[in-house]
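Data block below; observations after.
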Amino acid sequence: MGISPTTNRLGPFEVISAIQKYIRRGMEAEAFELACEMIETSKPFTSWLLNRLQVISHEDIGLANPDLIILVATCCQQADRLYKPDKTGPVKMIVGTMIRAMCRSPKSREGDHFMGIAMKHKRQRVAPTIQEWTHDHHSHQGRKLGRGMEYFREVSTQLIPDPQQHDRYEELFYEELNLKFDRPTESESDIAEPTAKPNRLF
């Protein structure tokens, strides 16, 4: 048994697909007209619409306008909460805000392409590769290689792009770690030399 058509006998898959295409091209009125078709049909079709709008905010906009993702998520929550089958005006108002914002927003398809690259291992049925330099004292392989805090500080914590501000606490942090693990305890100080640094911290 197939999915029922919309209130005006349109195929819902075709409606949802057209809404996304219209949003990509900034066609506000056309996208909104079809969105109202979904809202007027039923609550499940409205939920379908809201779910797709959230996906579109990532698939066709994403990092080009991260604030819009938050707007869409908030609006979808409001629309879902306020839906009434005999009074759809508030939901249409909220959906209209989303559609206008999405149509006018900077756009990017990078997110969809990025996901496709990450899926290549599934298509090829091979395991992802873990690059050798990622092994430090937090992993079994890194401990086997004898990589301690110096490697962690110089390699594992490298940030790209570089931070815009100087980290005023970094030196204090590592100085404190050295003191913590180099200084003998009160009970050890009378009977033994300071112990060597452990290979694993944290």
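Around NE2 of His113, the count of heavy atoms belonging to other residues, nucleotides or ligands within 6.0 Å exceeds 12. Open room surrounds CG on Leu63; 12 or fewer heavy atoms of other groups in view lie less than 6.0 Å from it. When the shell of 6.0 Å around CD1 of Ile130 is examined, it contains 12 or fewer heavy atoms from other residues, nucleotides or ligands. More than 12 heavy atoms of other shown residues, nucleotides or ligands fall within 6.0 angstrom of atom CD in Glu170. Heavy-atom contacts from other residues, nucleotides or ligands closer than 6.0 Å to CZ of Arg168 number 12 or fewer.
Remark: Arg109 CZ to Asp112 CG distance equals 4.0 Å, nearest 0.5 Å. Note that the SG atom of Cys36 and the CD1 atom of Ile19 stand 9.0 Å from one another [nearest 0.5 Å]. Distance check, rounded to the nearest 0.5 Å: CD of Gln158 to CD1 of Ile160 gives 4.5 Å. Atom CD1 of Ile99 sits about 12.5 Å away from atom CD1 of Ile94, to the nearest 0.5 Å. In this structure, OG in Ser156 is found 12.0 Å from CD in Glu150, a value given to the nearest 0.5 Å. Leu68 contributes atom CG, which lies 6.0 Å from atom CE of Met102 (distance to the nearest 0.5 angstrom).
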Output, in order, the C-alpha distance, side-chain angles, deciding distance and verdict of side chain to side chain contact (heavy atoms under 4.5 Å, CB included) for Ser108 and Ile61. CA-CA 5 Å; Ser108 171; Ile61 297 168; over 6 Å; no
Step-by-step side chain to side chain contact (heavy atoms under 4.5 Å, CB included) determination, Ile16 to Glu14: CA-CA 6 Å; Ile16 286 290; Glu14 286 73 19; over 6 Å; no
Applying side chain to side chain donor-acceptor pair (under 3.5 Å), run through Ser17 and Lys21 and close with a yes or a no. CA-CA 6 Å; Ser17 179; Lys21 307 302 191 305; 2.7 Å; yes
Met98 and Cys76: CA distance, side-chain angles, deciding distance, side chain to side chain contact (heavy atoms under 4.5 Å, CB included) verdict: CA-CA 9 Å; Met98 279 191 283; Cys76 284; 3.7 Å; yes
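In this structure, Pro106 and Asn65 approach most closely via the heavy-atom pair CD-ND2, 4.1 Å. In terms of heavy atoms, Ala35 sits closest to Leu49 at O-CD2, 3.7 Å. In terms of heavy-atom proximity, Ile23 sits nearest to Ala31 at CG1-CB, 4.0 Å. Closest of all the heavy-atom pairs between Ile69 and Ser57 is CG1-O, 3.7 Å. Scanning both residues, Asp162 and Leu159, for their nearest heavy atoms gives OD1-O, 3.3 Å. Smallest separation of non-hydrogen atoms from Leu34 and Val15: O-CG1, 3.6 Å.
If you chain together hydrophobic residues whose side chains sit under 4.5 Å apart, Leu82 and Met93 never meet in one group. The hydrophobic cluster containing Leu53 does not contain Leu71, counting ILVMFWY residues as joined when their side-chain heavy atoms lie under 4.5 angstrom apart, directly or transitively. Residues Ile3 and Leu50 fall within the same hydrophobic cluster, defined by Ile, Leu, Val, Met, Phe, Trp and Tyr side chains chained together at heavy-atom separations under 4.5 Å.
By the 4.0 Å N-to-carboxylate-O rule, Glu28 lies close enough to Arg104 to be salt-bridged with it. Here Arg143 does not pair with Asp136 in a salt bridge; the nearest charged N to carboxylate O distance is not below 4.0 Å. Of the charged side-chain nitrogens involved, at least one lies within less than 4.0 Å of a carboxylate oxygen, so that Arg24 and Asp60 count as a salt-bridged pair. Note on Glu171 versus Arg153: salt bridge recorded, some NZ/NE/NH1/NH2 to OD/OE distance being below 4.0 Å.
Side-chain atoms of Thr7 and Glu40 form no donor-acceptor pair, as typed in the model, at a separation below 3.5 Å. Side-chain polar atoms of Lys84 and Thr88 form no donor-acceptor pair below 3.5 angstrom. Gln141 and Glu132 share no side-chain donor-acceptor pair at under 3.5 Å.
Residues Val95 and Lys92 form no side-chain contact, since every pair of their non-hydrogen atoms from C-beta on lies 4.5 Å or further apart. Side chains of Met149 and Tyr174 form a contact here, defined as non-hydrogen atoms less than 4.5 Å apart. Using a 4.5 Å cut-off on side-chain heavy atoms (C-beta onward), His135 and His140 make no contact. For the pair Ile56/Gln54, no side-chain contact is recorded, criterion being any heavy-atom separation below 4.5 Å from C-beta on.
Residues Phe13 and Trp48 bring their aromatic ring centres within 6.0 Å. Less than 6.0 angstrom separates the ring centroid of His137 from the ring centroid of Phe152.
Tyr151 places a side-chain N or O within donor-acceptor distance of the main-chain N or O of Trp133, the cut-off being under 3.5 Å. Looking only at distances, no side-chain donor or acceptor of Lys107 sits under 3.5 Å from a matching main-chain atom of Arg25. Formation of a donor-acceptor pair under 3.5 Å by the Thr41 side chain with backbone atoms of Phe45 is not found in this model.
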